[in-house]
Amino acid sequence: MVQQKATQQVRKAIIPAGGLGTRFLPATKAQPKEMLPIIDKPAIQYIVEEAVQSGIDSIIIVSGRHKRAIEDHFDKSYELEKELEERGNEEMLTIVRDISHLADIYYVRQKEPLGLGHAVLCARRFIGDEPFAVLLGDDILRSEPPCLQQMIAQYEDTGSSVVAMMEVPWDQTHKYGIAAFDEADPSRIRDLIEKPAPGQAPSNWAVVGRYVLDPAIFELLEHAKPGKAGEIQLTDSLQRLNHISPILAHRFTGKRHDVGDKLGFVKATIDFALEREDLADEIKKFLRERLF
Ligand code: UTP
């Protein structure tokens with residue numbers, strides 16, 4: 001495959017957060033799942049921080065119902081800051097102030113949750129004609145350097161769109177977009193299949209929530225028909241894009257937490273707690289007492 005260095009930098013990112021979050025009902029009845037806290041920080045803040053650490057300067061969050069909670073979280077909170085200042089709580093004041101300075105964040109509303117592909121399409125005008133990143137609002141990826149930073153470097157070296165992938169147990173492949181690879185070049189994706197039926201997956205490498213994409217994807221999404229579950233699937237348009245310009249896999253080796261899933265959420269909470277100086281000892285003690 002002929003590879004060329006990218007001519008444009010990746011500066012913008014889309015964070016889709018317009019899904020219904022049905023796996024987490026009733027907690028998500030009146031708040032987006034992206035606002036569920038992992039310890040003391042909403043999931044979506046971890047995602048925004050990864051984007052910023054990866055060099056992204058403008059972010060568009062695609063929100064649906066309950067957009068206010070996300071918008072308020074990243075906005076300046078005059079009353080709270082004033083209150084913390086009066087109480088002399090400098091530590092919390094800095095934490096709260098820093099959130100509103102993280103990045104330039106914009107919002108677009110997805111009027112109906114028609115699928116991930118449709119959510120990405122809703123941000124088309126904001127992105128324009130430049131390469132961009134997509135970070136799913138409920139997928140926390142942990143690595144050093146951050147996953148997205150590694151993917152942007154891969155994009156800039158090759159000029160090809162990049163999708164993050166991880167190995168999943170074979171009996172879980174029906175829950176993911178699954179790749180078949182080019183035999184001559186294992187970084188090159190040959191096919192992408194959204195949620196293959198059990199036993200039909202061509203590999204156990206699954207798409208996880210990070211993408212660096214060529215803006216040509218928008219034209220494909222514009223004409224995309226509903227796929228699996230009647231939704232406009234991003235994977236289907238990626239498969240088409242792959243025929244026009246090759247897509248590469250970034251084989252991610254860090255930790256991933258799908259916090260839109262109950263089990264994933266609990267595991268993430270324990271994982272983060274075990275790394276916190278203020279919580280680790282007590283959590284370990286509690287788990288030991290509970291289990292043994
Ligand atoms: P999910 O499939 O995990 O979200 O989409 P969901 O549909 O809310 O989940 P469940 O199955 O009902 O629990 C991955 C990401 O894409 C966003 C979601 O908010 C999530 O961050 N998404 C999904 C949208 O923005 N719009 C959609 O129409 C669908």
Side-chain angles (χ1 to χ4, degrees), residues 13-38 41-51 59-71 73-74 105-124 126-127 132-141 147-148 163-166 168 172-178 192 194-195 206-211 213 217-218 221-222 224-238 256-268:
I14 303 173
I15 302 183
L20 285 179
T22 50
R23 284 171 295 161
F24 233 117
L25 282 167
T28 46
K29 183 168 176 251
Q31 64 170 334
K33 65 176 163 183
E34 292 78 6
M35 283 301 292
L36 293 172
I38 307 299
K41 214 191 263 187
I44 196 165
Q45 191 180 330
Y46 292 95
I47 316 281
V48 167
E49 287 171 354
E50 182 191 332
I59 294 172
I60 187 156
I61 297 180
V62 183
S63 60
R65 308 165 309 133
H66 323 310
K67 154 181 154 152
R68 278 287 301 278
I70 299 180
E71 219 167 303
H73 181 72
F74 291 108
I105 303 184
Y106 304 85
Y107 299 89
V108 62
R109 197 171 179 122
Q110 184 188 22
K111 293 201 181 76
E112 273 182 88
L114 299 178
L116 177 57
H118 179 259
V120 170
L121 182 61
C122 289
R124 182 177 190 170
F126 170 83
I127 300 293
F132 62 98
V134 178
L135 302 96
L136 297 195
D138 58 354
D139 235 353
I140 297 182
L141 301 192
C147 179
L148 185 64
V163 173
M165 312 214 75
M166 283 186 96
V168 296
Q172 300 287 307
T173 50
H174 63 284
K175 296 182 179 167
Y176 294 89
I178 297 289
L192 277 174
E194 181 63 22
K195 302 191 174 76
V207 176
V208 291
R210 301 291 181 272
Y211 311 77
L213 298 177
I217 191 84
F218 288 124
L221 286 170
E222 196 80 62
K225 302 226 159 35
K228 284 265 157 72
E231 295 190 349
I232 308 279
Q233 298 286 354
L234 180 60
T235 311
D236 296 343
S237 293
L238 287 174
R256 167 184 182 250
H257 296 296
D258 174 4
V259 298
D261 170 76
K262 281 184 273 258
L263 185 60
F265 176 85
V266 174
K267 284 184 181 172

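The figures here come from the full heavy-atom set of this structure, side chains too, leaving out hydrogens, waters and symmetry mates. Indexing begins at 1, ligand by ligand and atom by atom, following the structure's order. This structure is a prediction, so every number in the text was calculated from the model and none was measured.
For ligand 1, residues of the protein lying within 4.0 angstrom by heavy-atom distance are P16, A17, G18, G19, L20, G21, T22, R23, K33, E34, Q110, P113, L114, G115, L116, A119, L136, G137, D138.
Between the side chain of K33 and the backbone N or O of V259 there is no donor-acceptor pair closer than 3.5 Å. Judged by distance alone, the side chain of R256 and the main-chain N or O of G209 form no donor-acceptor pair under 3.5 Å. The backbone N or O of I38 sits less than 3.5 Å from a side-chain atom of Y46, completing a donor-acceptor pair.
Residues forming a side chain to side chain contact (heavy atoms under 4.5 Å, CB included) with M35 (at least two apart in sequence, or on another chain): Q31, P32, P42, I44, A69, I70, H73.
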Checklist entry - Please walk me through it: do K175 and D258 pass salt bridge (charged side-chain N to carboxylate O under 4.0 Å, His left out)? => result CA-CA 12 Å; K175 296 182 179 167; D258 174 4; over 6 Å; no
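Under the 30°/60° scheme for interplanar angles, the aromatic rings of F218 and F132 are found to lie parallel.
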